[in-house]
Structures are given as C-alpha cells and as structure tokens.
A.B. asks: 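Here it is, the structure in full.
Below, all heavy atoms of this structure are taken into account, side chains as well, without hydrogens, waters or symmetry copies.
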Amino acid sequence: MTDTRATLSGKVCLVTGGTRGLGAGIADAAAREGATVIICGRTRPTDPAHDFMCCDVRKADEVARLVQDIVERHGRLDLVVNNAGGSPMVDAADASPRLSEAVIALNLLAPLHIATAANKIMQAQDGGGRIINIASVSGERPSPGTAAYGAAKAGLLNLTESLAMEWAPKVRVNAIVIGLVDMEGGEEHYGGAAARDRIAASIPLGRMARSEDVAALVLFLASPAADYLTGARIALHGGGERPHFLELAKERT
C-alpha cells in the first residue's frame, strides 16, 4: 500500500517567498513534517521562522549562489517550491514597460532560474528531487488588470510541462493552479468585507482557499503517493469561478 504521508524527514526544502502569506504556510507545514526549510527573499525579516537566505530570485547569478550555498550548508536539495510572485493591479495600457518586465521576471523567469539551478543538484543526487510551481487561474483565463501576471502564469504552466519532460525521471515538476485566496489584507483586495464574502459564497465549496489548503497539496506532491505525478497542473480553486453570464441571465428572467 502506498504511503501517503509526506515523509520529509531528512529532506532539504527551499520555499521562495516563504516569509509571509502562502509561502510562510508552506514553509511551516514542511518544517512540521521534518524538513530542513530554507526561505529566501530580497529583504531579511526581523525574526525569520526558518533558515533565511537573501536572494533576488529574478537574478540568475543570485539564484545560482543561493542554491550553491544551500548545498554547501546542507549537502543536498530535495524539494523546491516556486512560490514567490504577484502583481499590482494596473491596466495594461497604463503599465510601464519597467513594471511589466518586473512582473514577468518575478512570475516566470524567477521560477525558471530556480528550477534550472535546482535540477543540476537533483539530477546528481540519490532520489532526485521535486519542483512545485505555484501557478494561478489567471494563467488559464483572461486576467484584466494584471495582464502581464496572467501571461507569465500561463507561461509557467507550459514551463512546468516542458521541464517535466526534459528532466524525468530523476526530477518531477508539477504546478498547483490556485484560485481565489483568503489572503492577508483580503478585505481591501476584494473591495471590502461584504464583497469578499459574496465572492467567497459564489465558489462551489463556499469559501476561498487558505494557506493550509495549498500547503496540504504541496505535502502530497512531495510524498511517495505522488511518485507517478509529473508535468501535472492541479486545480485548487474550490470548484472554480461561476461564469458571470449566468448571473446576467438571472437578472433578465
């Protein structure tokens, strides 16, 4: 019978953007399962919960040093979670070229840099390794207000599938396609508490995703139960977003 536990004891795990939000939840969950967890970011937090290494993941040279430092310190790298990402809301017509380039670099090029550096280590070690890309429904549908972000996340899904083919069988690469998230500061992001609650109620499962939902799926993908999964894009959206035309149709009846 397949062991469905994460069994991360003795494993070394890197979570980008692991100082807050979803990344912090993923890092905490991996640590509870026994992993040695490294988190990274451009600015050191006041009191990091895990081993912190400073790195701008958009820069390939810094990423190469980061992975090298991890291996020198811990001897291996077993699991990478490409979580760092995001974008401000701005119409594409109003976004500066500099902003668009920064958004694409963070959400597409950074995961590529991290994955490429990690793969070199994983291919050479016993047990290979696993890379999990945190994607978004914005990469599978129109993303008005965050067009560059949506395009980058769409690219990340294709990248996941391509790397899975190139790097098998030693390295498994999968993506989690996340829907709406009940995040820190969510009331402001979704237009107030009442609007947030209405949006959450429209989701088939009746709520937005929480950090523990994402962390649980990461642990599954890191477990022996997911040994035959690679190149997958797994939807974590509570059933999806209800098509708006259905509400318009109701109003006309």
A.B. asks: Considering only heavy atoms from C-beta outward, does the side chain of Asp78 approach that of Gln125 to under 4.5 Å?
C.D. replies: yes

A.B. asks: Which residues, ordered by chain and number, are linked to Leu157 in its hydrophobic cluster, where ILVMFWY side chains connect at heavy-atom gaps below 4.5 Å, directly or through other members?
C.D. replies: Val137, Val177

A.B. asks: Taking the basic N atoms (NZ, or NE/NH1/NH2) and the acidic carboxylate oxygens, is any pair closer than 4.0 Å for Glu161 and Arg233?
C.D. replies: yes

A.B. asks: Any heavy-atom pair between the side chains of Ile134 and Thr16 that's under 4.5 Å?
C.D. replies: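 Heavy-atom side-chain distance check fails, nothing below 4.5 Å.
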
A.B. asks: Does a side-chain N-to-carboxylate-O contact under 4.0 Å join Arg130 and Asp227?
C.D. replies: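 Asp227 and Arg130: salt-bridged.
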
A.B. asks: Does the distance from a Lys or Arg side-chain N to an Asp or Glu carboxylate O, for Asp61 and Lys59, drop under 4.0 Å?
C.D. replies: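 Salt bridge flag = no for Lys59 with Asp61.
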
A.B. asks: Flag the pair Leu66 / Leu14 as yes when at least one side-chain heavy-atom distance between them is below 4.5 Å, and no otherwise.
C.D. replies: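 Side-chain contact under 4.5 Å: yes.
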
A.B. asks: His50 vs Asp28, test: side-chain contact (heavy atoms from CB on, under 4.5 Å). Steps then yes/no.
C.D. replies: CA-CA 8 Å; His50 307 282; Asp28 291 346; 2.7 Å; yes

A.B. asks: Rounded to the nearest 0.5 Å, how far apart are NE2 of His237 and CG of Leu180?
C.D. replies: 10.5 Å

A.B. asks: Output, in order, the C-alpha distance, side-chain angles, deciding distance and verdict of side-chain contact (heavy atoms from CB on, under 4.5 Å) for Leu221 and Ile234.
C.D. replies: CA-CA 10 Å; Leu221 289 172; Ile234 302 177; 3.7 Å; yes

A.B. asks: Kindly work out whether a path of hydrophobic side-chain contacts (I/L/V/M/F/W/Y, heavy atoms less than 4.5 Å apart) joins Ile131 to Ile176.
C.D. replies: no

A.B. asks: If you link ILVMFWY side chains whenever their heavy atoms are less than 4.5 Å apart, which other residues fall into the same cluster as Met165? By chain and number, please.
C.D. replies: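 When side chains under 4.5 Å apart are linked, Met165 ends up in no cluster with other residues.
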
A.B. asks: With rounding to the nearest 0.5 angstrom, report the OG to CG distance, Ser162 to Leu112.
C.D. replies: 10.5 Å

A.B. asks: Looking at every non-hydrogen atom in both residues, tell me the closest pair between Asn133 and Pro111 and how far apart they are.
C.D. replies: OD1-CB, 4.3 Å

A.B. asks: Does a side-chain heavy-atom distance below 4.5 Å link Val214 with Asn83?
C.D. replies: no

A.B. asks: Can you tell me how far the OG atom of Ser138 sits from the CG atom of Asn107, to the nearest 0.5 Å?
C.D. replies: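 Taking OG in Ser138 and CG in Asn107, the distance rounds to 9.5 Å.
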
A.B. asks: Testing the basics here: between Leu163 and Ala115, what is the closest heavy-atom pair and its distance to 0.1 Å?
C.D. replies: CD1-CB, 4.0 Å

A.B. asks: Write down the atom of Ala118, the atom of Val80, and the distance for their closest heavy-atom approach.
C.D. replies: CB-CG2, 3.8 Å

A.B. asks: Which heavy atom of Gly21 sits nearest to which heavy atom of Ser211, and what is that distance?
C.D. replies: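 Scanning both residues completely, I find the closest heavy atoms to be O-CB, 4.5 Å.
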
A.B. asks: Evaluate Lys11 against Glu33 for salt bridge (Lys or Arg N to Asp or Glu O under 4.0 Å), listing each step before the verdict.
C.D. replies: CA-CA 10 Å; Lys11 304 293 186 181; Glu33 291 294 326; over 6 Å; no

A.B. asks: Sub-3.5 Å donor-acceptor pair from the side chain of Ser136 to the main-chain atoms of Gly139, do we have one?
C.D. replies: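 Side chain of Ser136 to backbone of Gly139, a donor-acceptor pair under 3.5 Å: no, none is there.
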
A.B. asks: Using 0.5 Å steps for rounding, measure from the CD1 atom of Ile114 to the CD atom of Glu62.
C.D. replies: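 Interatomic distance, Ile114 CD1 to Glu62 CD, rounded to 0.5 Å: 10.5 Å.
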
A.B. asks: Determine, for Arg76 against Asp126, whether the closest basic-nitrogen to carboxylate-oxygen distance falls under 4.0 angstrom.
C.D. replies: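 Answer for the salt bridge query: no.
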
A.B. asks: Side-chain contact, heavy-atom cut-off 4.5 Å: His74 with Asp51?
C.D. replies: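 Of all side-chain heavy-atom pairs linking Asp51 with His74, at least one is under 4.5 Å.
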
A.B. asks: Looking only at heavy atoms, what is the nearest atom pair of Asn174 and Ala232, with distance?
C.D. replies: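 Heavy atoms only, the tightest pair is OD1-N, 3.0 Å.
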
A.B. asks: Side-chain contact, heavy-atom cut-off 4.5 Å: Ser100 with Pro97?
C.D. replies: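 The answer is no; the side chains never approach within 4.5 Å.
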
A.B. asks: Measuring from Leu219:CG to Cys13:SG, what's the distance to the nearest 0.5 Å?
C.D. replies: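 Those atoms lie 9.0 Å apart.
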
A.B. asks: Going from OG1 on Thr160 to CZ on Arg172, what distance comes out if it is rounded to the nearest 0.5 angstrom?
C.D. replies: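 Taking OG1 in Thr160 and CZ in Arg172, the distance rounds to 15.5 Å.
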
A.B. asks: Should Lys153 and Glu140 count as an ion pair when the cut-off is N to O under 4.0 Å?
C.D. replies: no

A.B. asks: Does Met53 share a hydrophobic cluster with Val81, counting links as ILVMFWY side-chain heavy atoms below 4.5 Å and allowing steps through other members?
C.D. replies: no

A.B. asks: In terms of hydrophobic clusters joined by side-chain contacts under 4.5 Å, are Ile104 and Tyr149 together?
C.D. replies: no

A.B. asks: I want to check something: taking the side chain as every heavy atom from C-beta on, are Leu22 and Ile178 in contact at a cut-off of under 4.5 Å?
C.D. replies: yes

A.B. asks: Where is the tightest heavy-atom contact between Met208 and Asp213, given as atom of each residue plus distance?
C.D. replies: O-OD2, 4.5 Å

A.B. asks: Hydrophobic clustering (ILVMFWY, side-chain heavy atoms < 4.5 Å, transitive) - are Val63 and Leu109 grouped together?
C.D. replies: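 In one cluster: no.
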
A.B. asks: A quick test of your reading: do over 12 heavy atoms of other residues, nucleotides or ligands sit less than 6.0 Å from CZ of Arg207?
C.D. replies: yes

A.B. asks: Start with the C-alpha gap between Arg58 and Arg42, add the side-chain angles, then the distance that decides, and say whether side-chain contact (heavy atoms from CB on, under 4.5 Å) holds.
C.D. replies: CA-CA 10 Å; Arg58 298 171 299 179; Arg42 286 182 292 169; 3.0 Å; yes

A.B. asks: Between Thr116 and His113 (side chain of the first, backbone of the second, donor and acceptor by atom type, cut-off under 3.5 Å), is there such a pair?
C.D. replies: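 Absent.
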
A.B. asks: Counting C-beta onward and ignoring hydrogens, is there a side-chain heavy-atom pair between Leu229 and Phe220 closer than 4.5 Å?
C.D. replies: yes

A.B. asks: Please determine whether the number of non-hydrogen atoms from other residues, nucleotides or ligands lying under 6.0 Å from atom NZ of Lys120 exceeds 12.
C.D. replies: no

A.B. asks: Quick check on the hydrophobic clustering: are Ile132 and Val57 connected, directly or via other members, by side-chain heavy-atom contacts under 4.5 Å?
C.D. replies: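 No, because Ile132 and Val57 fall into different hydrophobic clusters, even though each may have its own neighbours under 4.5 Å.
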
